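Okay, so here's the structure we're looking at.
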Amino acid sequence: MVLTSLVLLLLCINVGKALASCNPGKTTCVTEDLLHMIMRAVPTLKDSSSKTDLKRRPTFFASLKASQQTLSDIKDIVKFDDAKINIGGGYDSSTGIFTAPRNGIYIFSCTIVSIGGSDVQFQINKNDQFYTGGYAARTNYGGQTVYSIIELKTGDQVYVKHRTGTVQKVSGNHHSTFSGYLLSK
C-alpha cells in the first residue's frame, strides 16, 4: 500500500511538471488530458474511504457442496452450502439467502446444473418476488447460468428458488453456484 501510494505520488509530480510545460493558449495538451484521466480513475491519496470501500464491498461466492439437492416444493430454496467467499457476511449458507448489508446496485450470477435426467426450473427472487427465471435442460448435467443486476436496500434479500412443484434434482459437487457483489452505490 505504501509502495502504491509512493508510485502514485511520483506519477502525479511528474505529470504536474509536464503540465507546466504545456503551451498556454493551446486548447489541447496530451499530458493535461492524461492527468485528468488519471485523477478521475484513481482515488486521491487523501481519499482513504475509496480504497477501503473495495475491501469492504459485499461479495460472496457459494457452491452446492453436497452431491445433490432435491427440490420438491415450489417454496424450496437452493441452499448453496459452501460459501468460499463472504465479504460483509451477507450470504447465509444454512438458508441460501443473501441479505444486503448496504444499499446499492448488485450483480448476481447463478449456475444450476440438473441431474438424473430431469430439468430444473428455478428463479432468482428479490424479497419473495420473482426477478429472473432460469431453466436447466432435461439432460443429465444440463445447466444454465443466469445473471441479474438488482438494486437493493439494506436488508433486502436475494435467493435462488424452485419454480415448480414437481420433484427436480440440482447437481452438487460444486457444479451449481450462486454469487453476487456490490457494483455501485
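The structure presented is a predicted model; accordingly, all values stated were derived computationally and were not measured. The figures here come from the full heavy-atom set of this structure, side chains too, leaving out hydrogens, waters and symmetry mates.
Rounding to the nearest 0.5 Å gives a distance of 11.0 Å between CD1 of I150 and CG of L183. Taken to the nearest 0.5 Å, the NZ atom of K161 stands 12.0 Å off from the CD1 atom of I97. Atom CG of N86 is separated from atom OG1 of T59 by 9.5 Å, given to the nearest 0.5 angstrom. We find the CG-CD1 distance between L64 and I115 to be 10.0 Å, quoted to the nearest 0.5 Å.
Grouping Ile, Leu, Val, Met, Phe, Trp and Tyr residues whose side-chain heavy atoms lie under 4.5 Å apart, directly or via other members, leaves V167 alone, with no other cluster members.
Counting all heavy atoms, side chain and backbone alike, V160 lies closest to C110 at CG2-SG, 3.5 Å. The shortest non-hydrogen separation linking S171 to S176 is O-OG, 2.7 Å. Minimum heavy-atom separation, V120 to K169: CG2-O, 3.2 Å. Shortest non-hydrogen contact noted between A100 and K153 is CB-O, 3.6 Å. In terms of heavy-atom proximity, G134 sits nearest to V146 at CA-CG2, 3.9 Å.
Take D82 and apply the side chain to side chain contact (heavy atoms under 4.5 Å, CB included) test, not counting sequence neighbours, and it matches S63, K65, K84, H174.
Not a single donor-acceptor pair under 3.5 Å links the side chain of T99 to the backbone N or O of Q157.
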Evaluate the criterion side-chain hydrogen bond (donor to acceptor under 3.5 Å, both in side chains) for residue pair T154 and N103; output intermediate values, then yes/no.
-> CA-CA 5 Å; T154 301; N103 296 347; 3.2 Å; yes

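Applying the side-chain hydrogen bond (donor to acceptor under 3.5 Å, both in side chains) definition to pairs two or more places apart or across chains, none involves residues 67-78. Residue pairs meeting the side-chain hydrogen bond (donor to acceptor under 3.5 Å, both in side chains) criterion with at least one member in residues 122-136, sequence neighbours excluded, are D119-Y135, Q123-N125, N125-Y159, N127-D156, D128-Y159, T132-S148. Judged as a side-chain hydrogen bond (donor to acceptor under 3.5 Å, both in side chains), the pairs with a partner in residues 105-117 (not counting sequence neighbours) are, in order, T111-T145. Within the structure, ring-ring contact (aromatic ring centres under 6.0 Å, His included) contacts touching residues 59-80 (residues at least two apart or in different chains) are F60-Y91, F60-F98, F60-F178, F80-F178.
Using a 4.5 Å heavy-atom cutoff, the side chains of F122 and Q168 are not in contact. Contact of the F108 side chain with the V158 side chain is registered, since non-hydrogen atoms from C-beta on lie closer than 4.5 Å. Residues L71 and V78 have side chains in contact (heavy-atom distance under 4.5 Å, counting atoms from C-beta outward).
The number of heavy atoms from other shown groups lying within 6.0 Å of OH (Y147) does not exceed 12.
Linking Ile, Leu, Val, Met, Phe, Trp and Tyr residues whenever their side-chain heavy atoms come within less than 4.5 Å places Y181 and I149 in a single cluster.
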